[in-house]
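Everything on this sheet refers to the single structure shown next.
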Amino acid sequence: MIKDKVALGGVNLTRISYAPDFVIFDDYGKIKHVYDVKTSINTQFGADTAAKLRFNLFARKYGVPVEVVVPRANDFKMKIYGLTKNVNTRHERTNRKGKQIVEFYDVMASVDYDVTDFIGI
């Protein structure tokens with residue numbers, strides 16, 4: 001749970017909850033990675049606005065960003081949403097309609113990396 005329900009007059013606002021797909025801990029029990037698995041980084045199958053808001057609230061509460069990952073055959077794409085600047089690598093491609101698309105993500109071969117190298121803690 002990120003935010004508990006709050007009384008508003010004679011009714012309650014619903015609570016805001018989020019359950020990540022995977023959480024990886026280090027040897028000391030500290031959260032190392034929080035993963036949310038999607039089928040795409042930036043298209044309609046990626047993270048929508050409501051999901052990005054939940055990621056932001058989760059990071060504020062627990063001090064660890066949610067990493068959106070897109071699995072591939074031998075690696076995975078990783079993107080961190082909600083930061084004031086892009087910390088991921090810039091990639092340009094042309095879509096099927098010929099439009100130039102710019103995306104920010106990193107390609108990771110394993111989970112053996114430190115997210116603080118990206119966000120600078």
Side-chain angles (χ1 to χ4, degrees):
M1 178 178 49
I2 300 173
K3 291 279 187 183
D4 203 358
K5 65 182 178 181
V6 177
L8 182 65
V11 296
N12 289 322
L13 292 174
T14 59
R15 69 179 182 189
I16 300 171
S17 61
Y18 169 67
D21 293 324
F22 298 97
V23 178
I24 297 177
F25 296 91
D26 65 12
D27 295 335
Y28 304 102
K30 183 179 173 195
I31 296 175
K32 184 175 179 181
H33 297 285
V34 177
Y35 289 128
D36 196 274
V37 179
K38 300 291 184 198
T39 57
S40 176
I41 289 287
N42 288 330
T43 64
Q44 64 183 359
F45 303 109
D48 61 9
T49 304
K52 291 176 188 177
L53 177 60
R54 287 191 303 271
F55 299 160
N56 190 304
L57 292 171
F58 183 92
R60 288 170 187 261
K61 182 171 183 175
Y62 295 103
V64 179
V66 175
E67 301 167 61
V68 174
V69 296
V70 178
R72 303 191 312 179
N74 298 311
D75 54 25
F76 60 94
K77 292 181 181 180
M78 183 275 292
K79 179 176 177 71
I80 302 171
Y81 287 102
L83 304 176
T84 56
K85 72 175 198 172
N86 286 316
V87 296
N88 297 104
T89 306
R90 178 186 173 106
H91 297 269
E92 294 183 17
R93 65 179 177 87
T94 304
N95 69 6
R96 293 179 185 153
K97 296 181 181 179
K99 182 179 177 185
Q100 192 72 10
I101 304 293
V102 176
E103 298 176 320
F104 291 89
Y105 61 86
D106 287 283
V107 177
M108 312 305 286
S110 76
V111 298
D112 195 24
Y113 64 91
D114 194 346
V115 73
T116 60
D117 291 341
F118 290 93
I119 60 176
I121 292 179

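Predicted model, so just to flag it, every value in this text is computed and none were measured. Computed over heavy atoms, backbone and side chain alike; hydrogens, waters and symmetry mates excluded.
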- request: Mind checking side chain to side chain donor-acceptor pair (under 3.5 Å) for Asn88 and listing every partner two or more places apart, or none if nothing turns up?
  value: Asp106
message: Run the side chain to side chain donor-acceptor pair (under 3.5 Å) test against Asp114 and tell me which residues pass, sequence neighbours left out.
response: Thr116
- line: With sequence neighbours left out, the residues meeting salt bridge (Lys or Arg N to Asp or Glu O under 4.0 Å) with Asp112 are Lys32
message: Applying salt bridge (Lys or Arg N to Asp or Glu O under 4.0 Å), can you list everything that pairs with Asp48, at least two apart in sequence or on another chain?
response: none
field: Atom CZ of Phe22: over 12 foreign heavy atoms under 6.0 Å
entry: no
Given side chains that start at C-beta, do those of [X] and [Y] come closer than 4.5 Å, heavy atoms only?
X      : Y     : result
Val107 : Arg72 : yes
Ile31  : Phe25 : yes
Val111 : Phe76 : yes
Pro71  : Val37 : yes

- prompt: Which value, rounded to the nearest 0.5 Å, describes the distance between Arg54 atom CZ and Thr49 atom OG1?
  reply: 10.5 Å
statement: For residues 9-26, the side chain to side chain donor-acceptor pair (under 3.5 Å) pairs (sequence neighbours left out) are Tyr18-Asp36
task: Treat each ILVMFWY residue as a node, draw an edge where side-chain heavy atoms are under 4.5 Å apart, and state whether Phe104 and Val66 are in one component.
output: no
- prompt: Applying the 4.5 Å side-chain criterion to the ILVMFWY set and letting contacts propagate, would Leu13 and Leu53 be lumped into a single cluster?
  reply: no
- request: Please answer whether the main-chain N or O of Glu67 pairs with a side-chain N or O of His33 as donor and acceptor at a distance below 3.5 Å.
  value: no
Sequence neighbours excluded and cut-off under 3.5 Å, please list the side-chain donor-acceptor pairs for residues 55-64, or say none.
{"unit_1": "Asn56", "atom_1": "OD1", "unit_2": "Arg60", "atom_2": "NE", "d": "2.5"}
{"unit_1": "Lys61", "atom_1": "NZ", "unit_2": "Met1", "atom_2": "O", "d": "2.8"}

- request: With sequence neighbours left out, write down each residue that passes side-chain contact (heavy atoms from CB on, under 4.5 Å) with Lys52, or none if nothing qualifies.
  value: Ala47, Tyr81
message: So, using side-chain contact (heavy atoms from CB on, under 4.5 Å) as the criterion, who are the partners of Val70 when residues are at least two apart?
response: Ile41, Lys77
query: How are the rings of Tyr113 and Tyr35 set to each other: parallel, tilted or perpendicular (split at 30° and 60°)?
result: tilted
Least distance between heavy atoms, Val34 atom then Pro20 atom: CG1-CB, 3.5 Å
Show me the donor-acceptor pairs within less than 3.5 Å that the side chains of residues 94-102 make with the rest of the protein, sequence neighbours left out.
{"unit_1": "Thr94", "atom_1": "OG1", "unit_2": "Gln100", "atom_2": "OE1", "d": "3.1"}
{"unit_1": "Asn95", "atom_1": "OD1", "unit_2": "Lys97", "atom_2": "N", "d": "3.0"}
{"unit_1": "Asn95", "atom_1": "OD1", "unit_2": "Gly98", "atom_2": "N", "d": "3.0"}
{"unit_1": "Asn95", "atom_1": "OD1", "unit_2": "Lys99", "atom_2": "N", "d": "2.8"}
{"unit_1": "Gln100", "atom_1": "NE2", "unit_2": "Glu92", "atom_2": "OE1", "d": "3.3"}

